[in-house]
Amino acid sequence: MAHFHTEFLLFIGYCLLNVYVLVTYWKWSLGLVLLYLGYRLTRMKSRLTIAGKAVLITGCDTGFGHHIAKRLDDRGFTVYAGVLNENSDGAEALRSRKSQNLHVIKLDVTKEEDVNKSLEYVTNNNKADLWAVVNNAGINMPGDVELATVDQYKKCAEVNLYGPIRVIRAFLPLIRRSKGRIVNVSSVRGRFSWPSDSMYHVTKHGLETLSDSLRMEMKKFGVKVVIVEPGNFVDATAISGREMMKRIQREVDFMWDHASEDVKETYGRHYLHRKLKCSFENDGKLSMSPVSDAIEDAIIAENPNISYWSSLLATLLVYSALRLISKNYRSKLDIGQKGVLITGCDTGFGHHLAKRLDDKGYTVYAGVLSEQSPGAKALQARQSDRLHVIKLDVTKDDDVTQALTFVRSTRPGLWAIVNNAGINFPADVELATIDQYKRCAEVNLYGMIRVIKAFLPMIRKSKGRIVNMSSVKGRYSWPGDSVYIVTKHGIETMSDSLRLEMKKFGVKVAVIEPGQYDGATSISSPEQLKRLRKEIDFMWEQASEEVRQTYGRSYFEAIYQGMERETSGGRTMLADPVMNAIEDSLINVTPQARYLVGGSFSLVDKLGVRPIIIIHIFHLIQLGNPLNGIIYMKCRYSILVTYSEGFGHHLAKRLDDKGYTVYAGVLSEQSPGAKALQARQSDRLHVIKLDVTKDDDVEQALTFVRSTGPGLWAIVNNAGIDFPADVELATVDQYKRCAEVNLYGMIRVIKAFLPMIRKSKGRIVNMSSVKGRYSWPGDSVYIVTKHGIETMSDSLRLEMKKFGVKVAVIEPGQYDGATSISSPEQLKRLRKEIDYMWEKASEEVRQTYGRSYFDAIYQGMERETSGGRQMSADPVMNAIEDSLINVTPQARYLVGGSFSLVDKLGILAKVYNFLPEFISDRIVEKMTGCASFTR
């Protein structure tokens, strides 16, 4: 009941918080709800006829693409299923359907040749008109901004962003003719930013804004453009498949090989491996049906949604993003001898800023595209000792390296980078070429990343600033400008990721979002207008005959004329507001994450008006089941218990006494525990050798269980070991060995015995720990496996639901004396492991920590057992038994255990995920003393 009361109070507290948000902003909440309901009522959906409609889907080898291809084939659509490899398992499975309506075609979206051949094939097939294109192909490359290479950003964008553009451009004439649909599969992460995943986020934010621009552009042709945003469906896609994981591992190795020595020393190899593991370890396997439903609705609904959120995360309806604007009442830093690097100083904001910071006493490194440009010569003419004009083309590694060498060789060091270099190609999605998208991104996004990666060691050293120049258009989409806007959305999410990653180093990252300052920048300068003229001619030359006939030359000319008009009136916005924002981001003690700087010739700055959106997030909190029925199943089925020491030993005896048939797995049949069980001489208790790390032992145990008893009702996975140690001290081999028992051993047993459990519709009970709910310093080797058990069990629970099998997790608290982890044998093993850690430690680690630190780990574990105190195992046994015989067992049993009056670990486990990190970290620091260090 204590569990129920605590969870219930947390639920009530969170509900009150939600009510507070709704009441405080009730006008906005009510207005948005009524507006949404009114909109939906005026657009009641009716379905279109399927007959005569064809759909092209990319990425059908696996995942969503494979699933939707089969579904649409079953519905009667003509389906063109694009696959990366015609000999892949997915392609063979689609062909094996032998459907006349399902055509499997090779379509690598990164290759023009494949796209053109697919277009030719679809055009020549007269069975049905092409109604829809579903852009589903995608890849992921997790990695911090500082670790990922520019080449990896490009490769990810080549598939996720440029691939869809390539396909859209090729098939758009057919879609326009049928007034059909373009469905782009983005991600819920296209709506926010996340550390260590900026490569993927940049492409998804880019795809979002590309789709928005395209939707507005295609409205005049009657074509509808829809975005589908799946949430945590990692295991339902190819992203976490075996081949994909191998590819990602190769990318991680590539990152390490190309990292600078400073980056390697700062992060360490284990950081990359941990990021790879964390990127994919917490996702339960979900049904793909919600995503397929959304895609199908987007294709055949007469009035489809603009976007579909297919996510458990997206149970949210609206979100409160009201943010009070800082009035700069914050303290300022002393300028002193601070060095600032600025890119793109030939003209525009960069040129203005270089002069302004020079006047204010900063040491300025003004990067210019050409040292002979008028802007560069104007800066050199100032003849200031503090102003250094350096050649810096952000698209060239050599230029960046030479600039880095120059800055390192001069004083006073580097305080900040202002990434200002940028270009623009205004054009409709259908008109712009892939090459133009890439060239714009090469300067605006990849150039920025290239500079950041090169100079970040210097910025970390000074705990300085990174200021990235985005645009007001980085907040929304705009028709006829997707080439530029895609890069600005990419800058926004990359900056968010970088800000989170750099927090631990004391580096602050800010984004500047100027409004309509065309005359104050170089984008509308005479030189840029000449460049634009060439780009428009290039677009016309590359356009197909059908596109030319549809749009006409006058449409292309209007793009240039529109840009020309913006500069021909002689009006120039003062750059001062933007300069003020940049300067504030450089010297404010607590700079804003974003500076939206309005700019307009109108009385009202329409582009800079901030919409206030209220989003309300509901968390589903699982409550206990205090009134459950009981299954009476004595002697009907049997139970397998692995590793019968500690809890396992207690449980085997208890279940035997209660009349169950018990298979007690032991590591050694000659151990004292095994002999004690054999001494009971019970016909129901079978002691079998079962080392969960050995396939032979598991196979032999399976054969024995099948040949005896009434069948198998339950597995209790109890086997476990521990290696307490700091991350820096533990070896990779120790991580692997601990996981081999605690996690992989568990999986090995489950996979072997699952057919018997499915047959009986029985139970799987996995022994985790209270530490599976939070993190703890000095015990990551163990805790990593327990978190793995938690998420694996969640996945298994969802997967087994359709078979009637129930999965439960037991999370004991501080029961050291009742388990084998602190037994004399385990203490001897721990002594050997600590000696092994000391032998493997580098000389630098030994000098930093000292031998006494290593010995203190053993002494701490020894103290926990030397006092003779032993917690009764009964609460844990009660929880396990309830999970075995309750009609509706809990998914988790948190079993508190402590020698103190207050069970601190049990309380921490209940509230940990509700606390912000700065609070939870402070609590753990107080409990462990890990913040202080003495040798």
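We number each residue from 1, following the sequence as shown. Just the heavy atoms: all of them, side chains too, but no hydrogens, waters or symmetry mates, feed the values below.
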With sequence neighbours excluded, tell me which residues meet side-chain hydrogen bond (donor to acceptor under 3.5 Å, both in side chains) with [X].
X: Gln678; answer: none
X: Asn878; answer: Arg654
X: Thr693; answer: Asp691
X: Arg680; answer: Asp656, Asp657

Nearest non-hydrogen partners of [X] and [Y], listed with the distance:
X: Val809; Y: Ser768; result: CG1-CB, 3.5 Å
X: Pro755; Y: Ala752; result: CD-O, 3.5 Å
X: Ala294; Y: Val228; result: CB-CG1, 4.2 Å
X: Ile721; Y: Arg829; result: CB-NH2, 4.1 Å
X: Ala701; Y: Ile688; result: CB-CD1, 3.9 Å
X: Tyr200; Y: Ser187; result: OH-CB, 3.6 Å

Under the salt bridge (Lys or Arg N to Asp or Glu O under 4.0 Å) rule, collect the residues that match up with [X], sequence neighbours excluded.
X: Glu669; result: none
X: Lys70; result: none
X: Arg748; result: Asp695, Glu740
X: Glu811; result: Arg773, Arg892

Only counting residues at least two apart or in another chain, list the ones meeting side-chain contact (heavy atoms from CB on, under 4.5 Å) with Gln681.
->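 Counting only residues at least two positions away or on another chain, Gln681 forms no side-chain contact (heavy atoms from CB on, under 4.5 Å).
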Apply side chain to side chain contact (heavy atoms under 4.5 Å, CB included) to the pair Leu651 and Asn718, showing each step before the final yes or no.
-> CA-CA 10 Å; Leu651 182 64; Asn718 169 68; over 6 Å; no
Just by distance, do the side chain of Trp713 and the backbone of Ile885 share a donor-acceptor pair under 3.5 Å?
->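 Between the backbone of Ile885 and the side chain of Trp713 there is no qualifying donor-acceptor contact (under 3.5 Å).
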Verify, without hydrogens or angle tests, whether Arg763 (side chain) and Asn886 (backbone) share a donor-acceptor contact under 3.5 angstrom.
->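 Yes; at least one donor-acceptor contact below 3.5 Å.
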What's the spacing between [X] [atom1] and [Y] [atom2] if we round to 0.5 Å?
X: Ile810; Y: Ser883; atom1: CD1; atom2: OG; result: 4.5 Å
X: Leu894; Y: Ser769; atom1: CG; atom2: OG; result: 9.5 Å
X: Leu712; Y: Phe753; atom1: CG; atom2: CZ; result: 7.0 Å
X: Met877; Y: Asp874; atom1: CE; atom2: CG; result: 8.0 Å
X: Met756; Y: Leu702; atom1: CE; atom2: CG; result: 7.0 Å

Quick check: do [X] and [Y] have side-chain heavy atoms less than 4.5 Å from each other?
X: Leu690; Y: Val666; value: no
X: Leu655; Y: Leu884; value: yes
X: Ile715; Y: Val765; value: no
X: His649; Y: Leu677; value: yes
X: Met767; Y: Phe647; value: yes

Could you walk me through whether Ile757 and Ile764 pass the side chain to side chain contact (heavy atoms under 4.5 Å, CB included) check?
-> CA-CA 8 Å; Ile757 298 296; Ile764 298 172; 4.2 Å; yes
In terms of the angle between their ring planes, are Tyr663 and His686 parallel, tilted or perpendicular, with boundaries placed at 30° and 60°?
->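 Rings of Tyr663 and His686: parallel, under 30°.
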Checking side chain to side chain contact (heavy atoms under 4.5 Å, CB included) for the pair Asp697/Lys689: CA distance, chi angles, key distance, verdict?
-> CA-CA 7 Å; Asp697 276 21; Lys689 185 178 183 300; 2.8 Å; yes
Residues Lys806, Arg797; criterion side chain to side chain contact (heavy atoms under 4.5 Å, CB included); working and verdict = CA-CA 6 Å; Lys806 293 184 170 62; Arg797 186 178 67 253; over 6 Å; no
Go through the steps for Glu881 and Lys658 under the test salt bridge (charged side-chain N to carboxylate O under 4.0 Å, His left out), then give the verdict.
-> CA-CA 10 Å; Glu881 190 172 357; Lys658 295 212 171 182; 3.0 Å; yes
